[in-house]
Chemist: 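One structure, as structure tokens, below. Some questions next.
Side chains are part of it too, since the values below use all heavy atoms of this structure and drop only hydrogens, waters and symmetry mates.
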Number of protein chains: 2
Amino acid sequence: MSATKEVVVRLTKYKNVLEKLRSLGFVKVFSDNLADAVGVSPALVRKDFSVFGLTGKKRAGYQVDDLIAQLNRILGVDEVQRVIVVGCGKIGTALMRYRGFARERIRVVAGFDVDPSKIDPNAPIPIRDINEMPYIVKSEKIQVAILAVPETVAAQVAEALIAAGIRGILNFAPILLKSQNNVVVQNINIALELENLFCLLRFAEQGLDRGRP
Amino acid sequence: MSATKEVVVRLTKYKNVLEKLRSLGFVKVFSDNLADAVGVSPALVRKDFSVFGLTGKKRAGYQVDDLIAQLNRILGVDEVQRVIVVGCGKIGTALMRYRGFARERIRVVAGFDVDPSKIDPNAPIPIRDINEMPYIVKSEKIQVAILAVPETVAAQVAEALIAAGIRGILNFAPILLKSQNNVVVQNINIALELENLFCLLRFAEQGLDRGRP
DNA sequence: CGCAATATGTGAAATCCTTCACGAGTGAGC
DNA sequence: GCTCACTCGTGAAGGATTTCACATATTGCG
Ligand SMILES: NC(=O)c1ccc[n+]([C@@H]2O[C@H](COP(=O)([O-])OP(=O)(O)OC[C@H]3O[C@@H](n4cnc5c(N)ncnc54)[C@H](O)[C@@H]3O)[C@@H](O)[C@H]2O)c1
Ligand SMILES: NC(=O)c1ccc[n+]([C@@H]2O[C@H](COP(=O)([O-])OP(=O)(O)OC[C@H]3O[C@@H](n4cnc5c(N)ncnc54)[C@H](O)[C@@H]3O)[C@@H](O)[C@H]2O)c1
């Protein structure tokens, strides 16, 4: 078995759960516990761990501290991860002010916008003109950007980010940006998630098989 | 092949793409076009359609109008979908003001909060006391809620929503709410997505991705 | 100390999902 | 009207992922 994207996603989930468990005073944990918390089967937890050589003890489960340390090493989140927000509108501002990032060692170092009225280089998290973006990205060696600009300009701003050296984009615009040549993109489409929720509800009501035989 | 959740998700994506194509004046479309736009293979597009008896013509592809109509019927989005926002803080407010929902026929009918200073029943989208939530949910027959309250109270507020009759929850709090008995939950964990982005980047860097092509 | 209980680690099996490949219509062009 | 290039629809094949099941190791306990 190899390390696919799905495995990495689950490892991150395990790690987050483990951190909560540690803060509750847990010292050891079983694959069953993690499975319940993350919503997968215990066997899968053990398989995932075995891919990376994470091992427990045959009757004592896994040491929480140990496991977190190893996961941090594997996932590479030892140091603070820095990110910029591009488009400081409604959702961009909410993200800039989100306190939950700190807990995951994520720091928003700056925001960027075209609208002069948004710009404020002296704020705790400065908001700068989008034209300064390439310079800051280079000088600060920023690798990841949160993209929260209007749909109409999202593709072109994404291009600019990549040109400036950004290698990872978390995209909130409702267009499908594609991961390609060295750039990783995660698309978050909230309206789509809501739509799906409505559909799943309707399907749950009516039974999931509406196709013709 | 049966209609799994993944198929429904893709159908919604096809539908969104089709609506954009229609607004561009497209009349017919091929499985290849949809495949490119959604990032899957043409064969899968056709398979997905065949599950629901959606058929095209052997050389003329699919009629855009037709397909949208059928997808709307299948997905059940003929009428406006109504939703409430629970927790009108940073992200809750951003969502309440999001204009993109209208295009997908989603309407936020009210917000709810505990903080008296947030409450404003006369706003275009009224913000009410959380205590009124059960009453409004019942009288307005609301089925779906966006949950944007602090992590610490998210589980208990979710319980209250379900007790009030809510059947679908889009959860932004960084805890894993589980779908169970008649209630569908979609979790959106933005910090987790960012963390994954950083990990994937690091993996890509180090050539450690013993994964898929 | 020795035993029994219990959780891990992992090949094998099962399941699920996607792609392949090709027969079969069909519309466009001549 | 005929042809043929082109796209659909779909069974079969292929891959990927998950679960099963059990040998194995360890620990708590009497
Ligand atoms: N608000 C939400 O809850 C929500 C939900 C889901 C998706 N989205 C998506 O997120 C994006 C932003 O939405 P919003 O509601 O925050 O919109 P918004 O209009 O409030 O904010 C967009 C911001 O981007 C800035 N901007 C425009 N062009 C720019 C450019 N070229 N470079 C830099 N900045 C630029 C604007 O000045 C504005 O401040 C949209 O694509 C939207 O579809 C928003
Ligand atoms: N801000 C972000 O960008 C962001 C990103 C990802 C996830 N989240 C998550 O979304 C949730 C909200 O985050 P936020 O930044 O908007 O926080 P916030 O503090 O700005 O807003 C939370 C709101 O919930 C209200 N509230 C508290 N208890 C309530 C209750 N019992 N019933 C109803 N309302 C109640 C508060 O009064 C407040 O208005 C959190 O769980 C957070 O982890 C936020």
Chemist: Atom CG of B/Asp48 and atom P of C/dC17: how far apart are they, to the nearest Å?
Modeler: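 After rounding, the gap between these two atoms is 11 Å.
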Chemist: Distance check, rounded to the nearest 0.5 Å: A/Leu197 atom CG versus B/Gln81 atom CD?
Modeler: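 Result: 9.5 Å between the selected atoms.
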Chemist: Counting only side-chain N and O atoms of A/Tyr62, is one of them less than 4.0 Å from OP1 or OP2 of D/dT26?
Modeler: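 Looking at the OP1 and OP2 atoms of D/dT26, neither is under 4.0 Å from any side-chain N or O of A/Tyr62.
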Chemist: Where each residue is assigned the nucleotide of DNA chain D containing its nearest heavy atom, which of A/Lys58 and A/Ser41 is assigned the position nearer the 5′ end?
Modeler: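 Going by which nucleotide is closer to the 5' end, it is A/Ser41.
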Chemist: For a side-chain contact (heavy atoms from CB on, under 4.5 Å) with B/Met133, tell me which candidate from B/Ile130, B/Asn131, B/Ile136 qualifies.
Modeler: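 When B/Ile130, B/Asn131, B/Ile136 are each tested with B/Met133, the side-chain contact (heavy atoms from CB on, under 4.5 Å) holds only for B/Ile130.
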Chemist: A/Leu54 has an atom CG; how far is it from atom C1' of C/dT8, in whole Å?
Modeler: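 Rounded to whole Å, this separation is 13 Å.
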Chemist: Quick one, which residues of residues 25-37 of chain A touch DNA chain C with a heavy atom under 4.0 Å?
Modeler: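 Heavy-atom contacts with DNA chain C come from A/Phe30, A/Ser31.
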Chemist: DNA chain D: A/Arg59 or A/Ala43, which has the more 5' nearest nucleotide?
Modeler: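 That would be A/Ala43.
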Chemist: If we ignore hydrogens and angles and just use 3.5 Å, is the side chain of B/Ser50 paired with the main-chain N or O of B/Gly53 as donor and acceptor?
Modeler: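 No, B/Ser50 side chain to B/Gly53 backbone: no donor-acceptor pair under 3.5 Å.
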Chemist: Can you confirm whether A/Val137 sits close enough to A/Ile84 that some side-chain heavy atom of one is under 4.5 Å from a side-chain heavy atom of the other?
Modeler: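 Answer yes - side chains close enough.
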Chemist: Show which side-chain atoms of residues 102-115 of chain A pair as donor or acceptor with protein atoms under 3.5 Å away, not counting sequence neighbours.
Modeler:
residue, atom, partner, partner atom, Å
A/Arg103, NH1, B/Glu151, OE1, 2.7
A/Arg105, NH1, A/Val77, O, 3.3
A/Asp113, OD1, A/Asp115, N, 2.9
A/Asp113, OD2, A/Cys88, N, 2.7
A/Asp115, OD1, A/Ser117, N, 2.9
A/Asp115, OD1, A/Ser117, OG, 2.9
A/Asp115, OD2, A/Ser117, OG, 3.2

Chemist: Are A/Thr55 and C/dT8 close enough that a side-chain N or O sits under 4.0 Å from OP1 or OP2?
Modeler: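 Negative; the distance criterion is not met.
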Chemist: How long is the line joining NZ of B/Lys47 and P of C/dC22, in whole Å?
Modeler: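 Atom NZ in B/Lys47 sits about 15 Å away from atom P in C/dC22.
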Chemist: Verify the contact: side-chain N or O of B/Arg10 to OP1 or OP2 of C/dC17, cut-off strictly under 4.0 Å; return yes or no.
Modeler: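 Indeed not, no polar side-chain atom of B/Arg10 lies that close.
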Chemist: For residues 62-70 of chain B, please give each side-chain donor-acceptor pair under 3.5 Å, one per line with the distance, not counting sequence neighbours.
Modeler:
residue, atom, partner, partner atom, Å
B/Asp65, OD1, B/Arg22, NH1, 3.1
B/Gln70, OE1, B/Arg73, NH2, 3.0

Chemist: From CG of A/Leu44 over to P of C/dT15, roughly how many Å is that when rounded to an integer?
Modeler: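 Nearest whole value for this atom pair: 17 Å.
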Chemist: Is any side-chain N or O of A/Lys57 under 3.5 Å from a base N or O of C/dG9, one able to act as donor and the other as acceptor?
Modeler: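 Checked by distance alone, the answer is no.
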Chemist: Would you mind classifying the nucleic acid contact of A/Phe49 as base, sugar-phosphate or nothing, using non-hydrogen atoms under 4.0 angstrom?
Modeler: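 Counting heavy atoms under 4.0 Å across all strands, no contact is made by A/Phe49.
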Chemist: Is any side-chain N or O of A/Arg46 closer than 4.0 Å to OP1 or OP2 of C/dT8?
Modeler: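 Affirmative; the distance criterion is met.
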Chemist: Any chance NZ of A/Lys57 has more than 12 other-residue heavy atoms, nucleotides or ligands included, within less than 6.0 Å?
Modeler: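 At most 12 heavy atoms, drawn from other residues, nucleotides or ligands, come within 6.0 Å of this atom.
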